[in-house]
Number of protein chains: 2
Amino acid sequence: MTEIHDHSACISTAMDRVERRCRAEGLQLTPVRRRVLEILLEEHRALGAYDILDRLRAEGMGSQPPVAYRALEFLMKHGFVHRIETLNAFVACTGGEIDDPHMPAFLICRTCRRVIETPAENGRGRLETAAEGAGFAIEHAVREAEGLCATCRAAS
Amino acid sequence: MTEIHDHSACISTAMDRVERRCRAEGLQLTPVRRRVLEILLEEHRALGAYDILDRLRAEGMGSQPPVAYRALEFLMKHGFVHRIETLNAFVACTGGEIDDPHMPAFLICRTCRRVIETPAENGRGRLETAAEGAGFAIEHAVREAEGLCATCRAAS
DNA sequence: TCCGTGTTGTAACGTTATTACATGAGTTAC
DNA sequence: GTAACTCATGTAATAACGTTACAACACGGA
């Protein structure tokens, strides 16, 4: 995997940010939770819960689905990880706003399976516009697009 | 279920439109496919593939998952039915644009489970804006919001 | 020390979706 | 007419994704 950026630095920066926030809020970043986050940061793409579970198993950290799902639930609850609905998979948050709840949009490449998290915008999108018209109160929004990323487009 | 609109008329209008389009394009609206579409129109909400399969089974129209999934695949391919990713479920298309490929947004009520399909807009949404900036070519977009519909909000 | 809360371990199960292969119905080509 | 082809269906088995339920353990107060 040729990386444009310094991947290990990218990981440690993200981990630092998460650790700081956990200390600040008294959240327990236990070994399993920390390891799941690291795995997702290392891969830098969407992984299924069972992919993660396989890695945990290989490292002797729990072998049953709830172990992975519980860690993911914790990480998602606090915005460190996002769920990609169209893939039934999970990615580490790469938005700058790990310290803020946000409703990001994702661009998912169908060939390299990388996921680009786009920065949150506060303006009204289509969903908000439609919701207003219908008197609908949005609690959670999913915005995901599948297609070809710039790199894969160039390669084809 | 108290309906505000004339439900049977709504169903037959939708069926007519689908039939016309199938004739026009030489698509085979077979008994199973037709029945699956009718079931979704009758319910007027998102149904899981196995819910649909149960109904088919009860009517003697096939009992194995592929029967339902194949019919849904056909109906989705031609825009008669949409998949709701956040529910792993399916709804009949209620947009006026059954004759046009469209990328609708959905408002999903978490209490009554109704799904509001919003009319397609052709403007740039967040996803398009983000994609442009990243050189990403969108092939399919998913926009779904969960929350409370106007009726359920009023009731609480 | 006892209780309450939160985390983990484990087995079993439930739900959603796909693969693989066989059969049948209709169409076209020769 | 029949062989070859395409498209739709029937069926069994399996894969992939996710949850429930309960036991055990650790830690911080009252």
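In what follows, chains carry the letters A, B, and so on, assigned in the order in which the sequence lines appear, proteins first and then strands, with residues in each chain numbered from 1.
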Rounded to the nearest Å, what distance is computed from the OH atom of residue B/Y69 to the P atom of nucleotide D/dT9?
17 Å

Rounded off to whole Å, could you give me the CG-to-C1' distance for the A/N88 and D/dT19 pair?
14 Å

State, with a plain yes or no, whether a side-chain heavy atom of B/L148 is found less than 4.5 Å away from one of A/E139.
yes

Nearest heavy-atom pair of A/I116 and B/F136: which atoms, and what distance?
CD1-CD1, 4.2 Å

What are the two closest heavy atoms between B/L107 and A/A131, and how far apart are they?
CD1-CA, 3.8 Å

Listed partners of A/R33 passing side chain to side chain donor-acceptor pair (under 3.5 Å), at least two apart:
none

Could you tell me the separation between the CG atom of B/D16 and the CD1 atom of B/I11, rounded to the nearest 0.5 Å?
12.0 Å

When rounded to the nearest 0.5 angstrom, what distance separates CD in A/E73 from CZ in A/R83?
12.0 Å

Side-chain ([X]) to main-chain ([Y]) donor-acceptor, under 3.5 angstrom:
{"X": "B/E144", "Y": "A/V142", "value": "no"}
{"X": "A/E59", "Y": "A/L56", "value": "no"}
{"X": "A/R153", "Y": "B/G135", "value": "yes"}

Close aromatic pair by centroid cut-off 6.0 Å: A/H82 and A/F90:
no

With sequence neighbours excluded, residues passing salt bridge (Lys or Arg N to Asp or Glu O under 4.0 Å) with A/R57
A/D54

Can you give the first and last nucleotides of DNA chain C, 5' to 3', that have an atom under 4.0 Å from a heavy atom of chain A?
C/dG6 to C/dA11

Report the end-to-end axis angle of the helix from C/dT1-D/dA30 to C/dC30-D/dG1; each axis comes from five terminal pairs, and the value is rounded to 10°.
10°

I need a per-nucleotide contact map over nucleotides 24-30 of chain D, read 5' to 3'. Cutoff is protein heavy atoms under 4.0 Å; write B for the base, S for backbone only, - otherwise.
-------

Expected rows: protein N/O vs nucleotides 10-14 of chain D N/O, under 3.5 Å:
from: D/dG10; atom 1: N7; to: B/R70; atom 2: NH2; distance (Å): 2.7
from: D/dG10; atom 1: O6; to: B/R70; atom 2: NH1; distance (Å): 3.3

